[in-house]
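Everything numeric here is computed off the predicted structure, so don't read it as measured data.
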Amino acid sequence: MRRLPQDEPGEPDSRSAFRYLVWIVRGQLGLIAGGVTFGVLWMVSQALVPAAIGGGVDALARHDRGGLLRAGTAVLGLGAATAFTGIMRHRFAVSNFLSAGFRTVQVTARQATRLGAALQKRVAAGEVVSIGTTDFDHIGYSIDVTARASGSVVAIVVVTALLLRVSVPLGLVVVLGVPVLVVVVGVLLRPLHQRRRHQRELAGELTGRAADIVAGLRVLRGVGGEQEFSRRYRVESQRVRFAGVRVARVEATLEAAQILLPGCFIALVTWLGARFAVSGRISPGELVAFYAYAAFLIGPLRTLTEFAQKLTRGLVAAGRVVAVLRVEPDFSETAASVPVQEGDLDDPDSGLLVQEHRLTAVAAVRPQDAAAIAERLALLDPASNVRVRGVPLKAMALEEVRRRILLADNDAMLFRGPLRDEVGDGDTLADAAAVDIVEALPDGLDTEIAERGRDFSGGQQQRLRLARALALDPPVLVLVEPTSAVDAHTEARIAERLPQRRKGRTTVVCTTSPLLLDRADTVAFVGADGRVAATGPHRELLDSCPAYAATVTRGEG
């Protein structure tokens, strides 16, 4: 799929949002052309009906049976054409709606995949969710309505030509009146666009707040924070409601204008037609046609107003999509990328050396230092200077780095679906001490787990995440506090089996657990300055480094 042309960085403006809609149109040009074609035929076939009816009335007044038969046949044919083209227009309209919406979801999902770990740092969760729900509809409708809008424009032109043919003054009323209606509607669109953008931003923030509350509901209940977060949610929801009311006021005015202005316009055309008929300037059949034209024009005029309104909503939604598409990942492939090499990992920022095919433990005085080292080793930190045999990881092929080095921390989530999709055939469950979890499930590995694995306790989620990481079996595995939520007995089993499972592979475990540290081939102690202060086996460091002993024993002994 073609990439969306990028403007200058910053908040998306109407121009960039419009370019996004143009990009959508170009991608489904065939569908849109079909919709516009049948939309025009659908509207024009309706626009010609009044002329056929007027001809029939005049033929009836002249007692012209042949003319009446021709007029009746024309009405019948136009009715059949309207029915067929209406069905086809609707089919194309639905296809356009769904294609535009799902293409938006596709490019957003691809961008989310491209951003990777940077997504949650740069984009609020509510924004991504809203794109797949609210913005999906608005962008789809803005493309869907093009068929009817195009047909409305052509129908107004056809009706104007027919009116000018019969009466120049009546035709001029239509020619001059339609632009006036468009200008009046345009005056209302600018405040509607601004207010809808503000309301959309607030709604995205509220969606993100709701997602956070649902995800952390168990914790909130544990600390008694339900009432406080409920109060905050009510306050923010009221802000969204007030913004929605401001939008509704402009929309109500616009809806009223859709009825009032075309109604006044049609009343004027009808009044003039009646006067011309009384004065003998037009025939009775032409008067009936004028009345029919007046009734028909309400539809195209309202459609044009609806098009302007839906286009405004589509531009606001497209602006939010463009904002997400503009976010750049922390890393990107370059032409200078070199193949990933095997060897020891060297982190000059901390002085850590991770030996290949060995289990290295990192114990830090400050847990955030260990987490920062883990992110640098996995190339998730843009400032990472980690090297392999003197070659920076950032110079290597990014996709290959991601394939070879896996960071598993406690922020990772379990995805909804069969548990088997997460942990494979389950041969790593014993190594993660998670066999009992699966045995308690009604369908074992085929059990459907809930979103984020919320049916499991914190310790169970941690063990299942560890089993998933072990099942992937990457050449380099970086674990951050993999046993922080389990009991000592379970931790001992994991510590015993982890080295066996990862034998012959490179493994880094960031932890201060004595059980895990005792099983490591090498322990690197990171001091308060974020640099490695000592290395060696766990038991030797306990005797030779008092600061290390105080860190891993929590000051005991």
Query raised in the report: Between P300 and M43, what is the shortest heavy-atom contact and its length?
Result: CG-SD, 4.3 Å

Query raised in the report: Hey, does V480 have a side-chain heavy atom less than 4.5 Å from the side chain of N410?
Result: no

Report task. Would you check if L379 and L407 make a side-chain contact, meaning some heavy-atom pair closer than 4.5 Å? Result -> no

Query - Nearest heavy-atom neighbours spanning A469 and P474 - result: O-CD, 3.7 Å

Query raised in the report: Is it the case that R103 and Q106 place a side-chain donor and acceptor less than 3.5 Å from each other?
Result: no

Query raised in the report: Would a distance-only check, ignoring hydrogens and angles, find a side-chain to backbone donor-acceptor pair under 3.5 Å from K394 to P382?
Result: yes

**Report entry** Backbone N/O of V235 and side chain of Q238: donor-acceptor pair under 3.5 Å
**Finding:** no

Query raised in the report: Any donor and acceptor pair, going by atom type alone, linking the side chain of E375 with main-chain N or O of D381 inside 3.5 Å?
Result: no

**Report entry** Flag, side chain of D409 to backbone of A412, donor-acceptor distance under 3.5 Å
**Finding:** yes

Query raised in the report: Salt bridge between E306 and K310, side-chain N to carboxylate O under 4.0 Å?
Result: yes

Report task. Write down the atom of T303, the atom of A149, and the distance for their closest heavy-atom approach. Result -> CG2-N, 3.9 Å

Requested in this report: May I ask you to test the P418-T447 pair for a side-chain heavy-atom distance under 4.5 Å?
Outcome: no

Requested in this report: May I ask you to test the W23-V322 pair for a side-chain heavy-atom distance under 4.5 Å?
Outcome: no

Requested in this report: Given side-chain contact (heavy atoms from CB on, under 4.5 Å), test F456 with L441 step by step and report yes or no.
Outcome: CA-CA 11 Å; F456 302 113; L441 297 176; 3.9 Å; yes

Requested in this report: Verify the neighbour count for atom CZ of R165: are there more than 12 heavy atoms of other residues, nucleotides or ligands below 6.0 Å?
Outcome: no

**Report entry** R420 bridged to D446 by N-O distance under 4.0 Å
**Finding:** yes

**Report entry** Donor-acceptor under 3.5 Å (Q111 side chain, V321 main chain)
**Finding:** no

Query - Point-to-point distance, once rounded to the nearest 0.5 Å, from CD1 of I139 to OG of S99 - result: 13.0 Å

Query raised in the report: Looking only at heavy atoms, what is the nearest atom pair of V423 and L464, with distance?
Result: CG1-O, 3.9 Å

Report task. Might you work through the side-chain contact (heavy atoms from CB on, under 4.5 Å) test for R246 and R241, ending with a clear yes or no? Result -> CA-CA 9 Å; R246 295 183 70 239; R241 185 176 72 86; over 6 Å; no

Query raised in the report: Do you know the tightest heavy-atom contact between E448 and G417?
Result: OE1-CA, 3.3 Å

**Report entry** Beyond-backbone contact of I156 with L304, side-chain heavy atoms, under 4.5 angstrom
**Finding:** yes

Requested in this report: Take Y20 and L325, measure what side-chain contact (heavy atoms from CB on, under 4.5 Å) needs, and give me the verdict at the end.
Outcome: CA-CA 10 Å; Y20 177 80; L325 296 181; 4.0 Å; yes

Query - Pairwise distance CG(L311) to CG(L315) - rounded to 0.5 angstrom - result: 4.5 Å

Query raised in the report: So, do T82 and W42 sit near enough that their side-chain heavy atoms are less than 4.5 Å apart?
Result: yes

Report summary line: Separation between CZ (R89) and CZ (F92), nearest 0.5 Å, reads 12.0 Å

Query - Salt-bridge criterion met for R402 and E399 (N-O under 4.0 Å) - result: no

Query raised in the report: Could you go step by step and tell me if F136 and T104 meet the side-chain contact (heavy atoms from CB on, under 4.5 Å) rule?
Result: CA-CA 7 Å; F136 179 103; T104 296; 5.9 Å; no

**Report entry** Any donor-acceptor pair under 3.5 Å from Q460 side chain to I437 backbone
**Finding:** no

Report task. Find the distance between CD1 (I131) and OG1 (T108) and round it off to the nearest 0.5 Å. Result -> 4.5 Å

Query raised in the report: Minimum heavy-atom separation for A74 to A52, with atom names?
Result: CB-CB, 4.1 Å

Requested in this report: Kindly indicate whether the side chain of T85, heavy atoms from C-beta on, has any atom under 4.5 Å from the side chain of S45.
Outcome: yes

Report task. To the nearest 0.5 angstrom, please state how far the CE atom of M88 sits from the CZ atom of R91. Result -> 6.0 Å

**Report entry** Close side-chain approach of Y141 and R313, heavy atoms under 4.5 Å
**Finding:** no

Requested in this report: Please determine, by modelled atom types, if Q462 and R465 share a side-chain donor-acceptor pair under 3.5 angstrom.
Outcome: no

Report task. Go through R403 and E400 one step at a time and tell me if the salt bridge (charged side-chain N to carboxylate O under 4.0 Å, His left out) criterion holds. Result -> CA-CA 5 Å; R403 189 188 67 81; E400 186 67 11; 2.6 Å; yes

Report task. Could you grab the distance from atom CZ of F307 to atom OG of S142, nearest 0.5 Å is fine? Result -> 8.5 Å

Query raised in the report: Are any of the side-chain nitrogens in E422 or R416 under 4.0 Å away from the carboxylate oxygens of its partner?
Result: no

Taking only distance into account, with no hydrogens and no angle test, what donor-acceptor pairs under 3.5 Å do side-chain atoms of residues 27-40 form with protein atoms, sequence neighbours excluded?
| residue | atom | partner | partner atom | Å |
| --- | --- | --- | --- | --- |
| Q28 | OE1 | A100 | N | 3.3 |
| Q28 | NE2 | N96 | O | 3.2 |
| Q28 | NE2 | N96 | OD1 | 3.1 |
| T37 | OG1 | A33 | O | 2.8 |

